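Written out below as structure tokens is the structure these notes cover.
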Amino acid sequence: MARDPKAPIIPPRDQYQLPVLECVGLGIDFGGLTAVDDFNIAIGPTEICGLIGPNGAGKTTIFNLLTKVYQPSRGKILLAGKDTKHMNTIRANKAGLGRTFQNIRLFDKMTVLENVLIGLHNEYDYSLSAAILRLPQYWRAERIARERALELLSIFDMQHMANYVAGSLPYGSKRRLEIVRALATHPRVLLLDEPAAGMNPAETDELMNTIQKIHQQFKIAILLIEHDMRLVMGICEGIAVLNYGRLIAKGTPAEIQNNPKVIEAYLGGGDAHA
């Protein structure tokens, strides 16, 4: 029997815990066009989940809903059981939603370290007057933030790049830096929007290792949009499939690879097991 698309896919280790992220009947309309409709998903606190589907299926729109770039027309988004209805993008980030983008969004003229320090803004603990007057409180907070930024970079062997200009980095390093900056915000859920876009096979393998390293070290949930099926099938525990703004399937990688609706809509008959 096919899995009910509305049923949650949560790994056994998370099954007796409150989902860290849950969407219930989520939908959004733009004018007379329904972009997403009746989207339901529950993600465990340490789950790696994939969201796949054809171009234009509504995947990035869902990320924009989760991070409050858009407000939904209907439905709920719960973060650790709390309704995010009245949150804006800043509050959603502080509540635990960290994100990267399909098109890399770094501060290219700033250094690698400065980009990570921007991600650490939630940690800064000093007043405006302390910053203006350069009081000891300000310097102490700046020192702690710098140490934390270097620590995050070292996890991904990027500490030697700290003073490089971000715009000068190779493509794969830019992707890693964007992920490090998102991690600096202390997310409960890390949202990765096509992290392997534009990567060659070697860079994709490195990215897979990076995501697995994040999962093991930070013990957070990861939700990723991706077209590279080798990456998705290789690291995701649960996969949701979107088509024309609606969920058509949810399941394990093996279940998704063998789901006729998915094969027809996205994977293609000849590539289902690629």
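This chain uses plain numbering: 1 for the first residue, then up along the sequence. Given the structure is predicted, the values throughout are model-derived calculations rather than measurements.
Between Val20 and Glu47 the shortest side-chain heavy-atom distance does not fall below 4.5 Å. The shortest side-chain heavy-atom distance between Leu51 and Phe39 falls under the 4.5 Å cut-off. Two residues are said to be in side-chain contact when any heavy atoms from C-beta on lie closer than 4.5 Å; Leu247 and Asp38 fail this criterion. Annotation: side chain of Met110 is in contact with side chain of Ile118 (closest heavy-atom distance under 4.5 Å). Between Met161 and Leu153, the closest side-chain pair of non-hydrogen atoms is not below 4.5 Å. Residues Pro19 and Ile43 are not in side-chain contact: their nearest non-hydrogen atoms beyond the backbone lie 4.5 Å or more apart.
A distance-only check finds a donor-acceptor pair linking the side chain of Gln71 to the backbone of Met87 [under 3.5 Å]. In this structure, the side chain of Lys68 does not engage the main chain of Arg91 through any donor-acceptor pair within 3.5 Å. For the pair Glu226 (side chain) and Gly50 (backbone), a donor-acceptor distance under 3.5 Å is absent. Not one N or O on the side chain of Lys59 forms a donor-acceptor pair closer than 3.5 Å with the backbone of Leu242. The closest donor-acceptor contact from the side chain of Asp37 to the backbone of Gly245 lies at 3.5 Å or more, if one exists at all. A donor-acceptor pair is defined here as one N or O able to donate and one able to accept, closer than 3.5 Å; no such pair exists between the side chain of Glu194 and the backbone of Ile225. Remark: side-chain polar atoms of Glu178 are not paired, donor with acceptor, to backbone N or O of Arg175 under 3.5 angstrom.
In terms of heavy atoms, Pro54 sits closest to His227 at C-CE1, 4.3 Å. The minimum heavy-atom distance between Ala182 and Thr100, with the atom names listed, is CB-CG2, 4.3 Å. Listed here is the closest heavy atom pair of Ala35 and Thr61: CB-CG2, 4.4 Å. When all heavy atoms of Val69 and Thr89 are compared, the closest pair comes out as N-CG2, 3.7 Å. Across all their heavy atoms, Ala162 and Leu150 have their closest contact at CB-CD2, 3.9 Å. Scanning all heavy atoms of the two residues, the minimum distance from Met208 to Gly234 falls at CE-CA, 4.1 Å.
Sorted by first then second residue, the salt bridge (charged side-chain N to carboxylate O under 4.0 Å, His left out) pairs that include residues 204-219, not counting sequence neighbours, are Arg176-Glu206, Asp205-Arg230.
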Note to self: Between Leu21 and Cys49, does the side-chain contact (heavy atoms from CB on, under 4.5 Å) criterion hold? Intermediate values first, please.
What the structure shows: CA-CA 11 Å; Leu21 181 65; Cys49 182; over 6 Å; no
- side-chain contact (heavy atoms from CB on, under 4.5 Å) between Lys261 and Glu264, intermediate numbers included: CA-CA 5 Å; Lys261 288 184 179 179; Glu264 179 183 355; 5.8 Å; no
Exercise for review: Begin with the C-alpha distance, continue with both residues' side-chain angles, and end with the deciding distance and a verdict on side-chain contact (heavy atoms from CB on, under 4.5 Å) for Val180 and Ile155.
Suggested key: CA-CA 9 Å; Val180 172; Ile155 292 170; over 6 Å; no
Requested in this report: Step by step, work out the side-chain contact (heavy atoms from CB on, under 4.5 Å) result for Ile52 and Ile256.
Outcome: CA-CA 10 Å; Ile52 67 172; Ile256 293 302; 4.3 Å; yes
Validation: residues 23-32 side-chain donor-acceptor distances under 3.5 Å, sequence neighbours left out:
from, atom 1, to, atom 2, distance (Å)
Asp29, OD1, Thr34, OG1, 2.9
Asp29, OD1, Arg74, NH2, 3.0
Asp29, OD2, Arg74, NH1, 2.9

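Every salt bridge (Lys or Arg N to Asp or Glu O under 4.0 Å) that Arg99 has, sequence neighbours left out, goes to Asp193.
Rounding to the nearest 0.5 angstrom, the gap separating the OG1 atom in Thr204 from the CG atom in Asn209 is 11.0 Å. Put simply, CD1 on Ile179 and NZ on Lys174 are 14.5 Å apart, with the number rounded to the nearest 0.5 Å. Residue Cys236 holds its SG atom at 8.0 Å from CD1 of Ile211, rounded to the nearest 0.5 Å. With rounding to the nearest 0.5 Å, the separation of CG in Leu97 from CZ in Arg188 is 9.5 Å. For the atom pair CD (Glu147) and CG (Leu120), the distance works out to 11.5 Å, reported to the nearest 0.5 Å. Remark: Leu65 CG to Thr60 OG1 distance equals 11.0 Å, nearest 0.5 Å.
Both Tyr164 and Leu177 sit in one connected hydrophobic cluster of ILVMFWY residues. Membership requires side-chain heavy atoms under 4.5 Å apart, directly or through other members. Grouping the Ile, Leu, Val, Met, Phe, Trp and Tyr side chains by contacts below 4.5 angstrom, directly or via other members, places Ile104 with Leu192. Phe101 and Leu231 are assigned to two separate hydrophobic clusters, defined by single-linkage of ILVMFWY side chains at heavy-atom distances under 4.5 Å. Leu224 and Met199 fall within the same hydrophobic cluster, where Ile, Leu, Val, Met, Phe, Trp and Tyr residues are linked whenever their side-chain heavy atoms come under 4.5 Å apart, directly or through other members. Taken together through direct or relayed side-chain contacts under 4.5 Å among Ile, Leu, Val, Met, Phe, Trp and Tyr, Met233 and Ile248 form part of one hydrophobic cluster.
Taking a 6.0 Å sphere around NE2 of His160, one finds it holds more than 12 heavy atoms contributed by other residues, nucleotides or ligands. Annotation for Tyr244: atom OH does not count as buried by contact number, only 12 or fewer foreign heavy atoms lying within 6.0 Å.
Asp14 and Thr46 share a side-chain donor-acceptor pair at under 3.5 Å.
Across Ile214, Val189, Ile48, a single residue satisfies side chain to side chain contact (heavy atoms under 4.5 Å, CB included) together with Ile220, and that is Ile214.
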